[in-house]
J.: 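Following this message is one structure expressed as structure tokens.
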Amino acid sequence: MIRHLKLVLVISTSICLLVQSKTVNKDRNTPRPFPKGFLFGTSTASYQTEGGWNLDGKSENIWDHLTHTNPCSVKDCSNGDIANDSYHLYKRDVEMMRELGLHFYRFSLSWTRILSSSFPNKINDAGVQYYNNLIDEMLKYNIEPMVTLYHWDLPQQLQLLGGWTNPHVVDWFADYARVAFELFGDRVKYWVTVNEPRQICYQGYGAATMAPLIAIPGIAEYMCAKNLLVAHAKAYHIYDKEFRDKGAGVIGISISADWIEPETPKDTQAAFEALQFEWGQYAHPIFSEAGDFPPVMKERIAAKSAEQGFPRSRLPEFSKKEIEMLRGSSDFFGLNHYSTNILYKNASTQGIFEKPSFYDDIGAATYQRPEWPTSASFWLKSVPWGFYKLLRFISDEYNNPPVIITENGWSTLTGIEDDGRVAYYRDYLDAMLDAIEDGCEVIAYTAWSLMDNFEWMQGYTERFGLYEVDYNSPQRTRTPRKSAFVYKQIIRTNQLDYDYVPDTNEMTIDEGH
Ligand code: NOJ
């Protein structure tokens with residue numbers, strides 16, 4: 001992977017220019033190749049799939065706590081106690097990876113399965129054994145593990161201490177990361193520190209739409225953002241200094257970024273600024289030349305805080321040392337992308353949001369067009385040109401970093417005839433190829449998800465899987481959807497063929513896997 005990254009950087013001479021538009025009218029009758037060596041994977045996360053919530057020494061995390069104390073805060077009053085039972089069925093999971101012919105599989109570690117006390121004073125051998133079994137089973141078939149350290153399941157005990165709003169979380173996370181590198185760094189070459197900081201901070205601490213369901217808007221999400229970023233950077237440097245030589249791997253962060261399209265040309269600046277708030281707050285400190293939070297956030301929040309009577313800005317400051325520690329602290333731009341929003345800012349968008357709050361700080365409104373194809377999730381519509389524009393923007397704004405698409409996917413209801421998902425994957429991969437053709441250094445793509453799983457506050461009502469999971473069967477039977485056959489063919493041929501009609505009778509394992 002390192003070799004591949006370096007090669008990519010050396011041959012990358014074309015820097016993308018600011019994007020205005022791109023025609024998406026193309027000849028779809030000819031299969032379109034992906035670059036040689038392009039990598040395909042799928043992704044899941046521990047709480048969403050593993051189950052075994054209290055088995056073999058695992059202790060409680062914030063999602064166990066939320067779903068047990070407030071069950072119907074989740075749409076179908078469900079939880080991840082058993083989920084897909086991957087804790088027991090990991091061999092079937094690996095068999096599915098082989099059926100698809102994946103190059104890599106992204107999954108996350110459950111902090112409380114490895115460290116029952118939250119701290120590294122004692123390692124839980126049974127939890128470690130589970131991940132060793134999974135990793136070794138994958139490697140047996142040449143499937144590279146991509147390991148996310150943190151995909152939202154914070155130890156409940158640490159939440160009692162303030163979770164991501166307590167600056168001590170930097171050390172707690174760094175200690176946990178070091179344990180993971182020590183345990184698995186000999187075999188894992190791809191690491192993701194933190195998955196989707198925006199969802200952790202804004203939804204978890206500002207808007208109360210995710211565990212730990214805290215609503216201290218305009219304040220707590222910014223405290224979380226600072227601590228989370230410093231924690232990420234500390235883990236990055238531990239890996240870089242103490243482990244990289246031994247494992248020869250790469251490590252980065254996964255940022256969720258939707259594209260924000262201005263409604264009219266006069267909204268262009270406002271759309272740029274909103275984008276800096278929405279996800280630039282996590283990308284700018286790491287990927288920009290200057291580092292630190294985006295200037296527009298610092299200025300706007302300081303001014304509003306003063307107007308609102310706060311003695312200092314609600315946005316905490318990084319020290320000089322932290323700014324330096326963060327700059328460049330990701331070997332790749334891990335991108336989770338799903339959809340696009342249209343933004344406008346005018347007199348009608350002023351003073352309509354709670355004060356203080358993240359959206360009052362932004363001061364603009366967004367919507368999605370009703371004619372865009374709609375998934376089973378209210379926020380997810382298919383807008384492939386938004387993906388193209390986003391990739392061009394990242395390339396232009398951050399000096400064309402290597403990008404790993406760490407998530408992209410579509411939700412449906414139950415059923416294996418998932419034509420909407422097939423169309424979405426094809427159109428988004430096509431848009432990604434447009435960006436690659438323009439010089440954007442996208443080196444890998446990860447479909448969310450390998451299989452249906454616990455979709456957080458939506459429980460099991462929204463399905464993202466290439467494989468359907470039957471939650472009524474004790475075996476949690478996994479059945480390939482049409483999209484699984486299509487994805488398999490894309491990987492096998494290394495090309496995108498809109499005309500391919502899969503024979504969905506039988507899923508087999510090809511030679512080599
Ligand atoms: C992003 C999150 O990382 C993942 O956990 C979630 O299930 C998908 N988006 C779909 O909403």
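Sequence positions, counted from 1, serve as the residue numbers for this chain. Counting convention: from 1, in listed order, for ligands and their atoms alike. Bear in mind that the values here come from a model prediction, so they are computed numbers and not experimental data.
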J.: Under 3.5 Å, is there a donor-acceptor pair linking the side chains of Glu99 and Tyr467?
T.: yes

J.: Ring-plane angle category for Phe353 and Tyr359, please: parallel below 30°, perpendicular beyond 60°, tilted otherwise.
T.: tilted

J.: Give the atom numbers and elements of ligand 1 that come within less than 4.0 Å of a heavy atom of Glu455.
T.: 6 (C), 7 (O), 10 (C), 11 (O)

J.: What residue and heavy atom of the protein are closest to atom 8 (C) of ligand 1, and at what distance?
T.: Tyr338 OH, 3.4 Å

J.: Does His151 have a heavy atom less than 4.0 Å from any atom of ligand 1?
T.: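 Judged by the 4.0 Å heavy-atom criterion, His151 does count as contacting ligand 1.
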
J.: Just to check, does Trp379 reach to within less than 4.0 Å of ligand 1 when the distance is taken from its heavy atoms?
T.: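 Yes.
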
J.: Could you check whether Arg198 makes a cation-pi contact with Phe358, meaning its NZ or CZ is under 6.0 Å from the centre of the six-membered ring and within 45° of the ring axis?
T.: no

J.: Show your working on side-chain contact (heavy atoms from CB on, under 4.5 Å) between Tyr222 and Phe293 and close with a plain yes or no.
T.: CA-CA 11 Å; Tyr222 297 135; Phe293 283 125; over 6 Å; no

J.: A side-chain contact here means heavy atoms from C-beta on lying under 4.5 Å apart; do Trp53 and Trp63 qualify?
T.: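 Counting from C-beta outward, Trp53 and Trp63 never come under 4.5 Å.
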
J.: Would you mind telling me if ligand 1 is within reach of the side chain of Asn453, the backbone, both or neither, using heavy atoms under 4.0 Å?
T.: neither

J.: Can you list the atoms of ligand 1 that are under 4.0 Å from a heavy atom of Glu196?
T.: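 Under 4.0 Å from Glu196, ligand 1 has these atoms: 1 (C), 2 (C), 3 (O).
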
J.: Examine the side chains of Arg463 and Thr414 and answer whether a donor and an acceptor come within less than 3.5 Å of each other.
T.: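 The answer is no; no qualifying pair exists.
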
J.: If you measure every N or O of Trp152 against every N or O of ligand 1, does any of those distances drop under 3.5 Å?
T.: no

J.: Tell me the protein heavy atom at minimum distance from atom 1 (C) of ligand 1, and give that distance in Å.
T.: Glu407 OE1, 2.8 Å

